[in-house]
Amino acid sequence: MTEQNAPAESEYDVSAIQDKWLPIWDELRPFASGNAGDARPKKYVLDMFPYPSGDLHMGHAEAYALGDVISRYWVQKGFNVMHPIGWDSFGLPAENAAIKRGLDPKGWTYDNIAQQRSSMRRYACSFDWDRVLVTSDPIYYRWNQWLFLEFYNKGLAYRKNSNVNWCPSCQTVLANEQVVQGLCERCDSVVTKKALTQWYFKVTEYADRLLDDLDTLEGNWPSKVLSMQRNWIGRSYGADVDFVIEGRTEPVTVFTTRPDTLFGATFMVVAADSALATELVAGADESIRAEFAAYLEMVKQSNDIERLATDRPKTGVNLGRFAINPVNGEKLPIFASDYVLADYGHGAIMAVPAHDQRDLDFAKAMGLPVQVVVDTDEEDPAVTGVATTGEGVLVNSGALNGLSKTDAINKIAEILEADGKGKKAKNFRLRDWLISRQRYWGTPIPIIHCANCGEVPVPQDQLPVELPSAEGLDLKPKGTSPLGGATEWLNVACPKCGGAAQRDTDTMDTFVDSSWYFLRFLSPNSTEVAFPKDEAAAWAPVDQYVGGVTHAILHLLYARFITKVLHDLGQIDFEEPFTRLLNQGMVLMNGSAMSKSRGNIVALSEQLDEHGVDAVRLTMSFAGPPEDDIDWADVSPAGAAKFLARAWRAANDVTSEPGVAVATGNRELRKATHTFLRDFGPLIEGFKFNVGVAKIMELVNALRKAIDGEAGSADPAVREAAEIVAKSLSLFAPYTAEDMWQKLGYEPGVALAGLPDADLSLLVESSVVAIVQVDGKLRDKFEVAVDITEDELRAKAMSSDAVLRAIGEKTVVNTIVRAPKLVNIATK
RNA sequence: GCCCCUAUAGCCCAAUGGCAGAGGCAGUCGACUUAAAAUCGACACAGUGUGGGUUCGAGUCCCACUAGGGGCACCA
């Protein structure tokens, strides 16, 4: 805004309004939710908390604009809304910035938090500033450690050695989500596997509940997120089948979703990188052992990019061992291959090349026989090279012959179970949650390793295990946690035996921090409990959660998991953390996500300076459905600012006094106002914010017309409409609305003024326009009484010249009458 | 390969199975002005991606296809 011409009182001055109201709101604290004796019904609205990676950006601006619409709406409807905010402040970006600039991650993080906090205040976020948390504060992560120990004591946190994602350049373990297309998201190095002993949370123990309870969220969560979660958990039903191995005491169990094809198994495959493969090959010939060793080395060197290539030829090694098919006694050669995964099912499969494409590809590569056992009326897979996986009739399968696929699956399960050679089983794509990180900037894992006592949990009274200062520590990645270099911190007395022991040097995945934070807002500063049970009972679960779809799987799945565990621990009485979920889209620029490399970043601060906070917020709400992406090039914050000025001027034009009796006001405008009130609430509750804004615009247009027309600025209906505009606009444009409220003669606090219900008696019509269609096409319309009977309406329609002309020579075969609004005449 | 979402005017988007247009952007014209900006007002613009089907009636429901977007993917 240029300041060359100082705006007059009657002009809308964006920056002056912003400066004026902020300090007043600081005093007023309209969104405090913890006031004693507050009798309003409670509602918990939560925005996903930000990572403090810099100042707020356009994405935050959208998320918080939309979260505010919902939060402010419920306040206007008379609820005591808890709408807190915090920072997800541990994590890799802070550590990277620290390494790059030689700074302490702490300073960088807390500077950014201060910056974001100040921007949120300016952005007029309706947060309860008494409920703030920062996950890197010891007062917060102390309870992360408490949570870890609860899990540990319940057997849900454990250590195991397995192959994890490893970035050879960063020298650190990577989470699955940090591996993008087989590359490290930080440095684009090719990610490899490394066998490491790491901490896991046993999320797989909750897989069934995590999947089944998604049904309870149906209708309240976006169906996209529900299907992504279902996909991710990936439950498949089938059978476990035991195969006796020649020369081995224990049978090997395989999981299959197609036990009906058991008679078609012609070989067995075990994962090359499994312990089983190594064991089976141990007794084989020298040449096979050498071949296997070379193959295993090759497999270990390969990476996800190679592994995921779709046209990759099948490879493997014949281990020279045999499995016995439990149903027909056939000897099946056992191979090791990398197309079988060590950590899914039992790391071994029965191969049925006729009815599984992967097995067929392998059989072809190795010259193995193909045995058809389901006749699908298709050509022989051995000839075509295409496995037949559809429905069909069982053949060459003993007792199963003649059965359908489904019947055969049931029958074989019975047979196997009766013989003690197998049973029905299910498997999940979901793996246990690897929570260890070899990083500095995270919650230390509260375990002490003692040579005598093994893993020893840190006693509760010694929590929190605080992070040592980063000063003097080498944060550069080198394959082990930087905490290993904090000698004084590292070496402690064992809590059990008092002997020399060492702390666990890993820190927790930051997804642990964010998977229960919504409960911490109930008492963010408590040093006694993670959260008070009675407060949780009163406020939780979250009624409305708002955030990006990027967290559709991991964060939401982990939060659901932790919630279920806390439920089982008796801490809370609900099993799902977020009753209702809104995923807002992204803010794009010229069709693509904003990024430095594309050079299409729109700076939020510049938009705010140019158009004002309200115009940017309004643009976010008005651009389209909230779940759609917003292309900033397609929308008009200038247009939003223009509308706000128009609304503001209308309020400024009102000349009647507050409290004037509205009953005598202009009927037409009153009707427009109450039609608005009838429609607005359902639109907001249905997340149709863009339509809600359009309705406000409509009302402002009607208001303008009334002021300039017959009603005039003193008409009580004009005041009524202007007040409703101010109140409803407060959801989208709090500064403008507050200023309008003052112009209308009220004390500050439009946010709390309350949206009334519509007076439906004003909307009762005595007549409506009826339409007449002939064969579905509009032919005439006329005004009729609302209580017109079907017969009267039909008669009236049939007497219309336009209708008779449309019917012409044709014969009327049917007449549909929907009094009082419609007649449709069907002809032949 | 499997699963899901979307498609309406130059653009962003509305439309309980019942008159395709609520709202906005951009546009044209007019009023105001010495002029411009701002403001106020008016106007114009598509028959709903394509092909079928259900129905008295389809943008809306069903099927197929096309295009764009997303998720999962050697998970046995």
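Bear in mind that the values here come from a model prediction, so they are computed numbers and not experimental data. So you know, we letter chains A, B, ... as the sequences are listed, proteins then strands, and number each from 1.
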With a 4.0 Å cutoff (strictly under), does any side-chain N or O of [X] reach OP1 or OP2 of [N]?
X: A/Asn690; N: B/rA14; value: yes
X: A/Thr815; N: B/rC56; value: no
X: A/Tyr339; N: B/rA76; value: no

(Q) Using the side-chain heavy atoms of A/Ala826, tell me which of these nucleotides is nearest: B/rC56, B/rG18, B/rG24. (A)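 Closest nucleotide among those given: B/rC56.
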Q: Consider the side chain of A/Pro625, meaning its heavy atoms from C-beta on, and name the nucleotide among B/rA22, B/rC12, B/rC13 that approaches it most closely.
A: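 For A/Pro625, the side-chain atoms sit closest to B/rC13.
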Is [X] side chain donor-acceptor paired with the [N] base, going by distance under 3.5 Å alone?
X: A/Gln773; N: B/rG18; answer: yes
X: A/Lys224; N: B/rC5; answer: no
X: A/Asn824; N: B/rC56; answer: yes

Atom pair distance, as rounded to whole Å: [atom1] in [X] and [atom2] in [N]:
X: A/Asp679; N: B/rA14; atom1: CG; atom2: P; answer: 16 Å
X: A/Phe643; N: B/rC25; atom1: CZ; atom2: P; answer: 10 Å
X: A/Asn427; N: B/rC72; atom1: CG; atom2: C1'; answer: 17 Å

Q: Mind jotting down which residue pairs meet the side chain to side chain donor-acceptor pair (under 3.5 Å) criterion with at least one end in residues 685-703 of chain A? Sequence neighbours excluded, please.
A: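 Residue pairs passing side chain to side chain donor-acceptor pair (under 3.5 Å), neighbours aside: A/Tyr73-A/Glu685, A/Arg646-A/Asn701.
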Let me check something: any side-chain donor-acceptor pairs from residues 218-226 of chain A under 3.5 Å, sequence neighbours excluded? List them with distances.
from: A/Glu218; atom 1: OE1; to: A/Arg230; atom 2: NH2; distance (Å): 3.0
from: A/Trp221; atom 1: NE1; to: A/Phe578; atom 2: O; distance (Å): 2.7

Which whole number of Å gives the distance between the [atom1] atom of [N] and that of [M]?
N: B/rC25; M: B/rU66; atom1: P; value: 39 Å
N: B/rC74; M: B/rC5; atom1: C1'; value: 27 Å
N: B/rA42; M: B/rC4; atom1: P; value: 47 Å
N: B/rG24; M: B/rC13; atom1: C1'; value: 8 Å
N: B/rG17; M: B/rG57; atom1: C1'; value: 8 Å

(Q) Suppose we define a pair by two distances each less than 3.5 Å, Watson-Crick or G-U wobble; what does B/rC61 pair with here? (A)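 With both distances under 3.5 Å, B/rC61 matches B/rG53.
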One thing to verify: whether [Y] and [X] come together as a salt bridge, which I'm taking to mean a side-chain N less than 4.0 angstrom from a carboxylate O.
X: A/Lys705; Y: A/Glu710; result: no
X: A/Asp208; Y: A/Arg235; result: yes
X: A/Arg704; Y: A/Asp708; result: yes
X: A/Asp240; Y: A/Lys424; result: no

Q.
Within 90° of 0 counts as syn, otherwise anti: where does B/rG47 fall?
A.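 Syn conformation for B/rG47.
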Q: Please assess A/Tyr237 against A/Thr257 for the test side-chain hydrogen bond (donor to acceptor under 3.5 Å, both in side chains), listing each intermediate value before the final yes or no.
A: CA-CA 6 Å; A/Tyr237 290 102; A/Thr257 54; over 6 Å; no
Q) Which pair of heavy atoms, one from A/Arg431 and one from A/Val203, lies closest together, and at what distance? A)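 A/Arg431 and A/Val203 have their closest heavy atoms at O-CG1, 3.3 Å.
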**Q.** Residues forming a ring pair (Phe, Tyr, Trp, His ring centres under 6.0 Å) with A/Phe335, sequence neighbours excluded
**A.**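 For A/Phe335, the residues satisfying ring pair (Phe, Tyr, Trp, His ring centres under 6.0 Å) (neighbours in sequence not counted) are A/Phe267, A/Phe362.
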Q | Residues forming a ring pair (Phe, Tyr, Trp, His ring centres under 6.0 Å) with A/Tyr344, sequence neighbours excluded | A |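 By the ring pair (Phe, Tyr, Trp, His ring centres under 6.0 Å) rule, A/Tyr344 matches no residue at all.
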Q | Most 5' of A/Arg429 and A/Asp775 on RNA chain B, judged by nearest nucleotide | A |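 Between the two, 5'-proximity favours A/Asp775.
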Report each atom pair, protein N/O against N/O of nucleotides 39-41 of chain B, whose distance is under 3.5 angstrom.
from: B/rU39; atom 1: O3'; to: A/Arg649; atom 2: NH2; distance (Å): 2.9
from: B/rC40; atom 1: OP1; to: A/Arg646; atom 2: NH1; distance (Å): 2.6
from: B/rC40; atom 1: OP1; to: A/Arg649; atom 2: NH2; distance (Å): 3.1
from: B/rG41; atom 1: OP2; to: A/Arg646; atom 2: NH1; distance (Å): 3.3

Under 3.5 Å, which protein N or O atoms sit close to an N or O of nucleotides 60-62 of chain B? Give each pair with its distance.
none

